Amino acid sequence: MIESGLVYQLQRAVTEILETNLNHQVQPNEVLVNVTSKNFEGDYTIVIFPYVKALRMSPADIGERLGKALQEKLDYIVSFNLVKGFLNVEISDKEWQSQLNTIFKAKDTFGKHTSTGKKVMVEFSSPNTNKPLHLGHIRNILLGWSMSQILEEAGNEVVKTQIVNDRGIAVCKSMMAWSNYGNGETPTSSGIKGDHFVGKYYVIFNQKLKEEYTNWQQSADAKAVFEEKGKEGQSEVDFFNHYKNDYFNIHSTIGKETKEMLIKWEDNDKGVKDLWHKMNSWVYEGFEQTYKDLEVHFDKLYYESDTYLLGKEVVEQGLSSSLFYKEPDGSIWVDLEDVGLDKKLILRSDGTSVYITQDIGTAQMRHADFKMDSMVYVVGNEQDYHFKALFETLKKLGEPYASDLFHLSYGMVDLPTGKMKSREGTVVDADDLVKEVIDEARSAAKENGSLDDIPVNEQEEIFKRIGLAALKYFMIKINPKKRMTFDPKESVDMQGQTGPYIQNAYVRIASILRKASSLEKVDYSTYKSIEEAEKNLIIDILDYPYIILDSAKNYDPSSVANYAYNVAKDFHRFYHDVRILTAETDEAKAFRLTLIESVSAILERSMNLLGIQMPSRM
RNA sequence: GGCUCCGUAGCUCAACUGGAUAGAGUACCUGACUACGGAUCAGGAGGUUGAAGGUUCGAACCCUUCCGGAGUCACCA
């Protein structure tokens with residue numbers, strides 16, 4: 001695709017000239033071609049500084065020779081000028097028309113990348129089954145989903161997956177609380193969505209634990225612990241704040257019960273397993289609804305309950321190839337110091353596996369299932385170190401996909417009031433948030449009354465698309481690596497650089513095209529005076545395949561989000577600068593109608609990659 | 001303390017991975033079409049890119065040191 005584009009033609013022409021005229025070799029994609037900055041004459045700019053040293057000529061000399069040769073070689077270059085080491089070339093109006101023709105004829109195949117033949121697995125979301133999804137999951141889900149779409153657009157086959165953390169002590173806490181205090185209540189009987197229902201019992205558990213802990217602190221037992229383990233000069237209050245985990249593990253009655261429940265679960269105790277199945281199924285119903293509301297889905301689910309014992313064979317394999325080693329206490333380790341990391345535990349001294357063991361096992365299982373060439377893990381940046389260690393270990397083990405693993409690490413989502421903390425109830429719930437943004441879209445639309453003439457169910461669909469666009473765009477436009485502040489007020493903004501702004505451009509075009517009824521098939525090749533605003537839009541569209549490639553290469557959906565905004569912005573300006581339906585000539589009208597139809601297609605495709613649907617009205 | 005990431009306009013973010021005079025949005029001020037949809041457009045003001053050195057024709061980006069913030073250094077997941 002790229003190979004047929006205007007920019008590539010320039011790059012290739014430059015390499016050919018450099019080679020034949022100046023005997024200097026470069027690869028076409030190394031030639032730096034930018035859109036000319038608006039303070040200078042020209043359309044595209046070739047940066048010639050890189051050749052100065054090798055050719056031992058002045059930038060002016062190289063530029064002059066390059067410019068002349070380019071003009072001879074490519075008949076659509078009408079002029080060129082040289083500013084310092086920058087060669088600006090101007091493209092003919094005829095060529096712009098021909099470019100638009102190509103774009104328009106290609107329709108949805110424009111910018112499609114040829115298949116890379118590679119299969120990529122993307123893991124995202126991966127929630128625990130003891131509480132509902134929150135704001136942090138939303139960032140994860142939106143990143144994972146958009147990244148999957150973009151990788152596909154870049155020519156890969158993509159398998160979307162998640163690992164459901166459906167077992168462990170946290171899950172047992174909810175189960176414990178429900179069996180002690182639930183009195184047979186169910187999501188149906190209480191009218192509470194399943195995941196919220198189970199989450200409620202997780203909260204109850206923590207309340208009960210806290211009560212128990214507070215009471216215990218008055219006991220002689222507690223005083224003795226403080227005497228023995230408290231640091232010099234540490235207050236009792238401070239000590240007990242930090243002792244919480246130990247209390248749960250050593251002294252707590254309900255802690256003990258919960259741990260016993262986990263052991264029973266591992267022993268396949270029927271009563272515990274039945275309870276576990278029942279409560280997890282409630283949670284899954286709830287998750288299913290949230291995913292549906294967010295318009296995402298998965299191709300394959302993995303469950304931790306199936307994978308938590310995996311990876312032990314690997315340990316044998318690693319030991320026999322002396323990749324791993326055994327400590328006297330029986331624990332097994334891998335030494336990653338040669339790649340700048342530490343020694344990492346692979347198997348506990350009691351023979352049970354740890355997180356990384358499971359991840360190795362899961363990766364192997366996935367490869368057996370799908371034979372993927374690479375994997376992307378969408379996981380928060382607090383696990384940066386873990387994934388480095390995991391990837392290095394997989395490399396050492398010689399796994400076939402190990403050279404192509406990526407941790408799409410993203411920053412935490414903060415609230416303007418600070419960090420989200422479940423204990424302090426400052427967590428933003430995913431379902432609440434979705435509902436809120438849709439409400440906001442509804443009231444904005446009701447205010448300007450533009451949708452009053454269509455059926456209510458269609459209105460609701462549009463409100464949903466607008467609200468979700470605001471939320472999704474707000475979160476995806478930020479570079480994943482950055483820690484972000486989530487201001488609920490800003491997330492429902494619909495003016496400026498927002499999802500609805502981009503939708504508005506699309507809706508305007510749809511409205512014009514409806515009025516134009518039939519795209520009159522006037523031949524616009526006689527349209528001579530291409531406007532600046534028109535040219536900008538064509539340049540934007542031509543940029544699409546590069547943006548996709550760039551976004552896929554850098555694992556960064558935000559570049560697609562920013563691109564879509566730029567296109568919409570250029571369209572809005574164009575819309576004010578020129579008239580479309582009442583254009584000066586029939587040629588101009590036909591040209592512009594063709595142009596905006598192409599713009600609307602590219603807007604829709606870009607936004608769909610981000611998981612955002614376009615409304616036809618708003 | 002070691003390692004990793006981050007620091008750009010009052011605020012939220014860009015900057016084609018080393019390219020021209022660092023751009024948008026928001027908030028503030030001033031304007032625009034008797035309309036192809038005002039969820040729009042134009043203008044103004046707002047910057048020593050955390051600081052200081054260095055490399056380079058050229059640095060927000062690379063190197064060094066320092067300052068500030070976060071994460072991580074569990075036989076937790």
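Lettering of chains follows the sequences in order, A, B, ..., and the numbering in each one begins at 1. What you see is a predicted model; the values in this text were computed from it and never measured.
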### Query
Looking across every strand, which nucleic acid part, if any, lies under 4.0 Å from A/N479 by heavy atom: base, sugar-phosphate, or nothing?
sugar-phosphate
### Straight-line distance of A/Y410 OH to A/R483 CZ, nearest 0.5 Å
12.5 Å
### Message
Considering every strand and a 4.0 Å limit on heavy-atom distances, what is the contact class for A/D359: base, sugar-phosphate, or nothing?
### Response
nothing
### Message
Need to verify one output field. Residue with the more 5' nearest nucleotide on RNA chain B, A/Y385 or A/N34?
### Response
A/N34
### Query
When the P atoms of B/rU49 and B/rC61 are considered, how many whole Å apart are they?
10 Å
### Query
Considering only the P atoms, how many Å lie between B/rG19 and B/rG31, rounded to the nearest integer?
41 Å
### Task
Describe the nucleic acid contact of A/I580 in one word from base, sugar-phosphate, nothing, applying a heavy-atom distance below 4.0 Å.
base
### Query
Given the P atoms of B/rG2 and B/rA42, what is the spacing between them in whole Å?
50 Å
### Task
Determine the contact category for A/K482: base if any of its heavy atoms lies under 4.0 Å from a base atom, sugar-phosphate if only primed atoms, P, OP1 or OP2 are that close, otherwise nothing.
base
### Message
So if I apply the ring pair (Phe, Tyr, Trp, His ring centres under 6.0 Å) rule between A/Y377 and each of A/Y555, A/F391, A/F406, which one comes out positive?
### Response
A/F391
### Query
Quantified in whole Å, what is the C1' atom distance between nucleotide B/rG43 and nucleotide B/rU48?
27 Å
### Message
Any base atoms under 4.0 Å from A/I509, or only sugar-phosphate, or nothing? Heavy atoms, all strands.
### Response
nothing
### Message
Mind checking if A/T45 touches a base, just sugar-phosphate, or nothing, with heavy atoms under 4.0 Å?
### Response
base
### Message
Classify A/N448 by what it touches in the nucleic acid, base, sugar-phosphate, or nothing, heavy-atom distance under 4.0 Å.
### Response
base
### Query
Quick one: do the A/N381 and A/H407 side chains pair a donor with an acceptor below 3.5 Å?
no
### Query
Given the P atoms of B/rC41 and B/rU55, what is the spacing between them in whole Å?
45 Å
### Query
Looking across every strand, which nucleic acid part, if any, lies under 4.0 Å from A/Y575 by heavy atom: base, sugar-phosphate, or nothing?
base
### Query
Base, sugar-phosphate alone, or nothing: which one does A/V578 contact when heavy atoms must sit under 4.0 Å apart?
base
### Query
Within the structure shown, what part of the strands sits under 4.0 Å from A/T352 by heavy-atom distance: base, sugar-phosphate, or nothing?
nothing
### Query
Mind pulling the stems RNA chain B is in, i.e. runs of at least three Watson-Crick or G-U pairs, everything under 3.5 Å?
B:1-7 with B:67-73, B:10-13 with B:23-26, B:28-32 with B:40-44, B:50-54 with B:62-66
### Message
Please classify the nucleic acid contact of A/V507 as base, sugar-phosphate, or nothing, using heavy-atom distances under 4.0 Å.
### Response
base
### Task
Check A/P480 against A/S558 and note the closest heavy-atom contact, atom names and distance.
CD-OG, 4.3 Å
#### Entry: Toward the 5' end of RNA chain B, by each residue's nearest nucleotide, A/F574 or A/I46
A/I46
### Message
Taking the P atom in each of B/rA9 and B/rG50, what is the distance between them to the nearest angstrom?
### Response
8 Å
### Task
Find the distance between OG (A/S252) and NZ (A/K259) and round it off to the nearest 0.5 Å.
8.0 Å
### Query
Expressed as a whole number of Å, how far does the P atom of B/rA24 sit from that of B/rG18?
23 Å
### Message
Classify A/I547 by what it touches in the nucleic acid, base, sugar-phosphate, or nothing, heavy-atom distance under 4.0 Å.
### Response
nothing
### Query
Between atom CG of A/N128 and atom OH of A/Y202, what is the distance when rounded to the nearest 0.5 Å?
8.0 Å
### Message
Between A/Y544 and A/E153, is the side chain to side chain donor-acceptor pair (under 3.5 Å) condition met? List the steps.
### Response
CA-CA 11 Å; A/Y544 177 79; A/E153 185 77 351; 2.6 Å; yes
### Query
Picking from A/N165, A/N280, A/D166, what satisfies side-chain hydrogen bond (donor to acceptor under 3.5 Å, both in side chains) with A/T129?
A/N280
### Message
For a quick check of understanding: with a heavy-atom distance under 4.0 Å over all strands, which category does A/M484 fall into, base, sugar-phosphate or nothing?
### Response
sugar-phosphate
### Query
So, is B/rU17 syn or anti if syn means the angle is within 90° of 0?
syn
### Query
Does the pair A/E531/A/K535 count as a salt bridge with the N-to-O cut at 4.0 Å?
no
### Query
Where does the chain A footprint on RNA chain B start and end, counting 5' to 3' with a 4.0 Å heavy-atom cut-off?
B/rU4 to B/rA77
### Query
How far, in whole Å, is B/rC11 from B/rG46 if one measures between their C1' atoms?
12 Å
### cation_pi(A/R167, A/Y308) dist<6.0 Å, angle<=45
yes
### Message
Quiz question: by atom type and distance under 3.5 Å, do the side chains of A/D43 and A/T36 form a donor-acceptor pair?
### Response
no
### Message
Considering every strand and a 4.0 Å limit on heavy-atom distances, what is the contact class for A/Y546: base, sugar-phosphate, or nothing?
### Response
nothing
